[in-house]
Structure formats: structure tokens, C-alpha cells
Amino acid sequence: MSNYIATVGVEVHVELKTNTKIFSDSQNGYGEMANSLTNVIDLGYPGTLPTLNEEVINLAIKAATILNCKIRKKMHFDRKNYFYPDNSKNYQITQARTPIGYDGYVEIEVNGEKKKIYIEEMHIEEDTCKSAHRGTKTLLDFNRAGVPLIEIVTKPCMTSGEEAKLYLEKLRELLFYGNISDCKIEEGSMRADANVSIRKNVEDSFGTKVEIKNIGSISNVKLSIEKEIVRQEQLIEKGEKFKPQTRRFDDKLQDTVLMRVKETGNDYRYFPEPDIPFVIITDEMIENAKKEIPM
């Protein structure tokens, strides 16, 4: 039995089941020849302009409804500025300040008792292209660039890897049967990151947060959280301090591996996306979306 209380939050990216991408008319597909489902918008050519796919808003309304979220009636998109090879525009279009859904929950059953896992926010964004590492070279496949995503962020309200596993199983079930996403974790259409910290007592402030990325299955989410809790306990027991950091789950080692230490927070210099007007969601849009949700 552990002497520490774990605090766990989960961020999930889910690809939406649309025919075309979020800001272009390229096909939203998987498994096709690399760079065959692309156009100048997906490739980030200068001077190209995004056009918002209405079906993305429709599916996001459905997802927000299924996840018991409040729906924001007036929202805008933001530019998240960062420089990375998989992001050819050098910014990603997302919703930083006005997420479409907020204050939701998913109900799970833990040891015969019901527990609500609270959702802080659910926002829409575009996916980046896919990197494939071949020896010393990295290849880029833009078929995934511009695929519509929703990111679902929980509050830090879970206390174990088991709760995170049950939450993800329930989330996958709801979004799959709601026809929002195919939720194929092995194909990357549902991807989860976990945030883990520990503390001695409930009244103590939260401990140092560690983010675990690139977890390839729901069972590995549980395992990686459990391993991280033990690792942090051992460090604290030895009197060692550690900085906030990002780790990844290594399938071969069945453990987490350090990726980078977070010396400072990332400054993404968010600002409203100037090429997309504000989106106004009407009661009629919400009602029409709700009618399409299966039982």
C-alpha cells in the first residue's frame, strides 16, 4: 500500500470521422500512399487560406453533448506558434481561449462505486503531419496534416492508473458508438497523454507534474501511470528532487523513458487566427446535431 496520494489527469486527441479535412477539401483517409491525400493548404504553402469544414463543428457539438459538456455559443480559432518539422506553417490552428466544450464529465465504475471523471475542456484543432524516422533521416507524410481532432482534457481528478484505464475505455465506447471517431488507437485516431504527480496528504499542494506521451494502448496508459507513481515515490523516499518533465512509454522496456526536462513553460504566443471568422453556434445547430446522435 502506497504512503502517497497520486493525482492523474489525461489528455486525449481523437480524430473525427469526416470525409474531408478540417480546412481543405483533401480526403480524410488512412493507410494511403504517403503524401497522396494532400493539397497546398495541407502543405502550408504561403498565401493559402483555410475554409472551415462545417461537419467538424457538427461532430464536435455531438461529442460535447455525449460528454455532458456545456457548449460555447461564440468561439474563435487561435494560432499556436511553434517550430517543428511536422508543422510546415510553423503554427497549428487550435482553440486556446474559446474551446467548444467545457465543464463536462464521464461516469465510470470503480470497485462497484460510480465516479465522475470531470472534463475541463474539449477543443477543436488540426492534426500535424506524421514523422517516420529512418536511421538518421526523418520522412514526413502530410496525409495526416489537417485531419480534424478534438482534444479532451480532464481535470486532475483521477488517483490511479486503473481509473485512467476505465475512463479511456468509457470515452472510447461513447465516441465510437456516437459515430464521432473510429477510435483506433493502433492507427493513431485516438491518442492519450497522462499527467502524474504525487503528494503525502490531501491538504498538501500538488507534487511535481510529469507528462507521459506516446502511449500506444489503454492498458499501457494504466501501466505507465503505475510505473511513474512508483518511480516518483522512490525518488522522494531517497530525498531527491526532480523537475517537471516529459517522458514517453517504451514498449520494449515496458516503462517510461525521459524525453526532456521542462525548464520553463512553452510560450506558444497564442493569438486569434485572422483568416477564420468567429463561429456562432445556434440552438438550431445544437438541436439538429443532437437528433443525429444514436441511442
Side-chain angles (χ1 to χ4, degrees), residues 11-64 66-67 77 79-80 84-95 100-101 122-134 137-152 168 171-193 213-218 273 275-276 279 289 292-294:
E11 299 167 12
V12 181
H13 283 92
V14 180
E15 290 184 354
L16 300 178
K17 275 176 82 170
T18 55
N19 292 325
T20 54
K21 294 184 181 180
I22 184 168
F23 299 122
S24 82
D25 59 3
S26 295
Q27 184 190 333
N28 176 6
Y30 177 82
E32 301 294 323
M33 186 176 76
N35 296 308
S36 61
L37 307 178
T38 59
N39 63 20
V40 290
I41 295 171
D42 312 326
L43 293 165
Y45 275 37
T48 54
L49 290 171
T51 306
L52 180 58
N53 181 346
E54 190 178 356
E55 181 60 12
V56 171
I57 302 295
N58 188 41
L59 287 176
I61 293 170
K62 287 187 198 176
I66 289 170
L67 302 177
F77 285 85
R79 285 192 185 183
K80 178 182 181 179
Y84 205 70
D86 67 7
N87 180 26
S88 62
K89 299 193 295 283
N90 291 324
Y91 62 85
Q92 179 189 28
I93 302 176
T94 182
Q95 290 183 315
I100 186 167
M122 185 202 90
H123 61 260
I124 303 167
E125 63 186 22
E126 60 178 341
D127 212 341
T128 55
C129 81
K130 194 170 184 180
S131 305
H133 305 292
R134 302 281 184 270
K137 293 186 170 65
T138 296
L139 306 175
L140 300 175
D141 178 6
F142 279 83
N143 285 355
R144 199 178 73 180
V147 167
L149 296 172
I150 49 173
E151 183 175 359
I152 303 156
L168 287 170
L171 189 68
R172 181 172 63 178
E173 181 185 293
L174 290 166
L175 296 175
F176 179 77
Y177 285 108
N179 211 22
I180 310 293
S181 171
D182 57 20
C183 296
K184 291 179 180 173
I185 295 172
E186 67 282 2
E187 291 181 5
S189 63
M190 182 175 173
R191 312 194 285 274
D193 301 333
K213 295 182 91 69
N214 304 348
I215 314 172
S217 72
I218 289 177
E273 168 56 67
D275 293 332
I276 302 173
V279 179
E292 293 175 8
I293 297 173

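Throughout, numbering of the chain's residues begins at 1 and tracks the sequence. Bear in mind that the values here come from a model prediction, so they are computed numbers and not experimental data.
Considering only heavy atoms from C-beta on, I66 stays 4.5 Å or farther from Y177 through its side chain. The side-chain heavy atoms of F23 and L52, taken from C-beta on, include a pair separated by under 4.5 Å. Side-chain atoms of V147 and I22, non-hydrogen and from C-beta on, never get closer than 4.5 Å to each other. Residues I215 and D193 are not in side-chain contact: their nearest non-hydrogen atoms beyond the backbone lie 4.5 Å or more apart. Two residues are said to be in side-chain contact when any heavy atoms from C-beta on lie closer than 4.5 Å; E151 and E11 meet this criterion. Between Y91 and E273 the shortest side-chain heavy-atom distance falls below 4.5 Å. At least one side-chain heavy atom of H123 sits under 4.5 Å from a side-chain heavy atom of T94. Considering only heavy atoms from C-beta on, N19 stays 4.5 Å or farther from N28 through its side chain.
Between the side chains of N58 and E292, at least one donor-acceptor pair of N or O atoms lies under 3.5 Å.
Counting only distance, with no hydrogens or angles, the side chain of S88 and the backbone of L43 share a donor-acceptor pair below 3.5 Å. Remark: the backbone N or O of S36 is paired with a side-chain donor or acceptor of N143 at under 3.5 angstrom. Judged by distance alone, the side chain of K62 and the main-chain N or O of G178 form no donor-acceptor pair under 3.5 Å. Remark: side-chain polar atoms of T138 are not paired, donor with acceptor, to backbone N or O of H133 under 3.5 angstrom. Checking side-chain atoms of D42 against main-chain N and O of N39 turns up a donor-acceptor pair under 3.5 Å.
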From CA spacing to verdict: side-chain contact (heavy atoms from CB on, under 4.5 Å), I57, I124:
CA-CA 8 Å; I57 302 295; I124 303 167; 3.9 Å; yes

Take L139 and S131 through the test side-chain contact (heavy atoms from CB on, under 4.5 Å) and record every step on the way to the result.
CA-CA 6 Å; L139 306 175; S131 305; over 6 Å; no

Walk me through it: do V279 and F77 pass the test side-chain contact (heavy atoms from CB on, under 4.5 Å)?
CA-CA 9 Å; V279 179; F77 285 85; 4.1 Å; yes

Check the pair V56, T18 against side-chain contact (heavy atoms from CB on, under 4.5 Å), reporting the backbone distance first and the verdict last.
CA-CA 7 Å; V56 171; T18 55; 4.0 Å; yes

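Partners of E187 according to the side chain to side chain donor-acceptor pair (under 3.5 Å) rule, which considers only residues two or more places apart in sequence or in another chain, do not exist here. Here D275 pairs with R79 under the salt bridge (Lys or Arg N to Asp or Glu O under 4.0 Å) rule; sequence neighbours left out. Scanning for salt bridge (Lys or Arg N to Asp or Glu O under 4.0 Å) contacts around D141 gives an empty result, with sequence neighbours left out. Residues satisfying the salt bridge (Lys or Arg N to Asp or Glu O under 4.0 Å) criterion with K17, sequence neighbours excluded, are absent altogether. Applying the salt bridge (Lys or Arg N to Asp or Glu O under 4.0 Å) rule to E55 yields no partners; only residues at least two apart in sequence or on another chain are considered.
One distance of note links CD of Q92 with CG of D86; it measures 8.5 Å at 0.5 Å rounding. Between L59 atom CG and N53 atom CG the span is 8.5 Å, to the nearest 0.5 Å. In this structure, the separation between CD on Q27 and OG on S24 is 11.0 Å, given to the nearest 0.5 Å. Residue I150 holds its CD1 atom at 9.5 Å from CD1 of I100, rounded to the nearest 0.5 Å. We find the OG-CZ distance between S189 and R172 to be 10.0 Å, quoted to the nearest 0.5 Å. The CD1 atom of I218 sits 4.0 Å away from atom CD1 of I185, with the distance rounded to the nearest 0.5 Å.
Screening residues 123-134 for salt bridge (Lys or Arg N to Asp or Glu O under 4.0 Å) gives K89-E126, D127-R144, D127-R191 as the qualifying pairs, with residues at least two apart or on separate chains.
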